There are 2 protein chains.
Amino acid sequence: MSANSRLTIAAHTLAWIGLYQRQGHEVATSEQIAGSANTNPVVIRRLLGELRAAGLVESRRGVGAGWSLTRDLTAMTLLDVYDAIEPGPLFALHRADPDQGCVIGHGIQPALQDIYAGIECTVRTELSKTTLEAVLQSVLAVPR
Amino acid sequence: MSANSRLTIAAHTLAWIGLYQRQGHEVATSEQIAGSANTNPVVIRRLLGELRAAGLVESRRGVGAGWSLTRDLTAMTLLDVYDAIEPGPLFALHRADPDQGCVIGHGIQPALQDIYAGIECTVRTELSKTTLEAVLQSVLAVPR
DNA sequence: CTCTGTCGTAACAAGAATGGTTACTTCGAC
DNA sequence: GTCGAAGTAACCATTCTTGTTACGACAGAG
């Protein structure tokens with residue numbers, strides 16, 4: 001499906017900031033996070049920008065600038081993150097409208113829309129069950 | 001997420017063949033289906049090739065050739081179709097391995113893998129609940 | 001007021017996936 | 001042998017993601 005790693009990088013980022021703040025630091029920089037996630041700081045800043053638009057993080061500028069959480073990881077679910085960074089639906093309908101003169105072509109889109117909506121609803125429910133705090137705890141529970 | 005329309009086109013195709021066969025026809029051609037789905041016959045043949053590899057349809061060649069179902073729509077679910085045409089996972093992990101020297105970098109992949117596996121399992125269960133027969137009935141139930 | 005570190009953001013390129021199109025070969029019923 | 005359709009390779013346009021460079025904007029330190 002050409003899956004992307006945006007949710008993964010976002011979860012990584014939030015868990016990193018959360019842990020860093022618990023260690024007593026005020027803010028985290030995109031460069032630190034990029035080092036941990038093994039990517040480019042601009043990639044992190046772009047993602048964090050979307051998370052900020054959703055109200056999950058905030059940023060300071062100037063010297064000693066960086067990013068911080070707006071609320072605790074316990075009050076943040078993967079659904080919040082997903083909504084912040086994934087605009088589109090899971091499954092797309094036809095690129096070009098099907099032949100409306102054909103019985104199938106006419107009814108297929110409403111029929112599939114219903115089915116797809118049900119599946120997305122299930123996925124959203126599932127995502128909402130996992131808090132970022134749970135993610136962090138799972139991360140810390142990995143041996144070695 | 002850059003969602004594609006492969007599941008949509010595949011469902012359209014199977015519903016079309018199923019209905020056509022119920023109307024007494026032996027086989028359907030990629031050109032007929034492409035006309036209904038408003039796309040190119042080669043696109044349909046490519047998809048049908050994958051569905052054939054999964055055992056859902058079969059094809060005849062030569063004059064009067066075309067495609068037919070190997071079993072009734074009642075014995076075919078969206079999960080069968082999904083497995084036939086979507087190889088990859090729903091969510092990807094990091095492109096480049098995260099920093100294993102970092103606590104988060106080390107534990108994030110196993111942690112997310114578990115979570116993603118649970119979600120995919122849920123999606124698969126949901127897909128398996130819908131038969132292509134149900135899709136066809138929904139299509140036929142659309143007014144006008 | 002200047003210096004400096006970090007965000008904010010534009011711009012560009014590489015790579016991959018999807019979908020459309022053309023063209024040609026292969027098959028098999030007639 | 002003819003002919004209609006599958007099988008398939010090749011190519012292109014588009015889009016998305018990710019990585020990268022570059023530079024302006026900002027704010028605290030001194």
Side-chain angles (χ1 to χ4, degrees), chain A residues 1-10 12-13 17 20 25-53 57-68 82 85-98, chain B residues 1-10 12-13 17 20 25-53 57-69 85-98:
Chain A
M1 165 96 70
S2 90
N4 62 45
S5 61
R6 293 164 61 81
L7 187 61
T8 294
I9 302 296
H12 186 140
T13 297
I17 300 176
Y20 197 60
H25 302 90
E26 284 277 325
V27 297
T29 71
S30 59
E31 192 162 358
Q32 294 170 321
I33 302 166
S36 169
N38 193 10
T39 181
N40 193 288
V42 175
V43 173
I44 300 297
R45 288 206 290 268
R46 277 200 290 237
L47 256 180
L48 278 169
E50 297 178 56
L51 296 179
R52 180 183 47 205
V57 300
E58 59 193 6
S59 63
R60 279 191 221 160
R61 306 182 68 169
V63 174
W67 303 82
S68 52
Y82 181 80
I85 63 178
E86 294 287 0
L90 232 41
F91 304 110
L93 293 180
H94 306 65
R95 279 198 165 182
D97 275 350
Chain B
M1 166 95 71
S2 91
N4 62 46
S5 62
R6 294 165 60 82
L7 188 61
T8 294
I9 302 296
H12 187 140
T13 298
I17 300 177
Y20 197 60
H25 303 90
E26 284 276 326
V27 297
T29 71
S30 60
E31 194 163 355
Q32 294 170 320
I33 302 165
S36 169
N38 193 11
T39 180
N40 193 288
V42 174
V43 173
I44 301 295
R45 289 206 289 270
R46 278 200 288 235
L47 254 182
L48 278 169
E50 297 178 55
L51 296 179
R52 180 183 49 204
V57 299
E58 58 193 6
S59 63
R60 280 190 222 161
R61 305 184 66 169
V63 174
W67 302 81
S68 52
L69 304 178
I85 63 178
E86 294 288 359
L90 230 42
F91 303 109
L93 293 180
H94 307 65
R95 277 197 164 182
D97 276 350

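Throughout, a chain's letter reflects where its sequence line sits, starting with A, and its residues are numbered from 1. Just so you know, these numbers come straight off a predicted model, no measurement behind them.
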What residues, two or more places apart in sequence or in another chain, satisfy side chain to side chain donor-acceptor pair (under 3.5 Å) together with A/Thr13? none
note: B/Ile85, atom CD1; C/dT18, atom P; distance rounded to Å ~ 10 Å
Length of the CD-C1' vector between B/Glu50 and D/dT8, whole Å: 13 Å
If I take atom CD in residue A/Glu86 and atom C1' in nucleotide D/dT17, what distance separates them, rounded to the nearest angstrom? 11 Å
Can you name the side chain to side chain donor-acceptor pair (under 3.5 Å) partners of A/Arg52, sequence neighbours left out? A/Ser59
At under 4.0 Å, does any side-chain N or O of B/Ser5 touch on OP1 or OP2 of C/dT18? no
Any residue meeting side chain to side chain donor-acceptor pair (under 3.5 Å) with A/Arg61, in chain and number order, not counting sequence neighbours: none
I want to confirm an ordering. Mapping B/Arg95 and B/Asn40 to their closest nucleotides on DNA chain C, which one lands closer to the 5' end? B/Arg95
Reading 5' to 3' through nucleotides 4-10 of chain C, protein heavy-atom contacts under 4.0 Å coded B for base, S for sugar-phosphate only, - for none: BBSBBBB
Could you tell me how far apart A/Arg6 (CZ) and D/dG19 (C1') are, to the nearest whole angstrom? 14 Å
Taking the inter-plane angle between the rings of B/His12 and A/His94 on a 0 to 90° scale, is it parallel (under 30°), tilted (30 to 60°) or perpendicular (over 60°)? perpendicular
Check: residues 40-47 of chain A side-chain donor-acceptor pairs under 3.5 Å, at least two apart:
| residue | atom | partner | partner atom | Å |
| --- | --- | --- | --- | --- |
| A/Asn40 | OD1 | A/Val42 | N | 3.0 |
| A/Arg45 | NH1 | A/Ser30 | OG | 3.2 |

Take atom CG of B/Leu93 and atom C1' of D/dT17, then tell me their distance rounded to the nearest Å. 16 Å
What is the separation between atom CD on B/Glu26 and atom C1' on D/dG4, rounded to the nearest whole Å? 17 Å
Across all chains, not counting sequence neighbours, the side chain to side chain donor-acceptor pair (under 3.5 Å) partners of B/Ser5 are none
Atom-pair distance (CD1 on A/Ile9; C1' on D/dT17), nearest Å: 12 Å
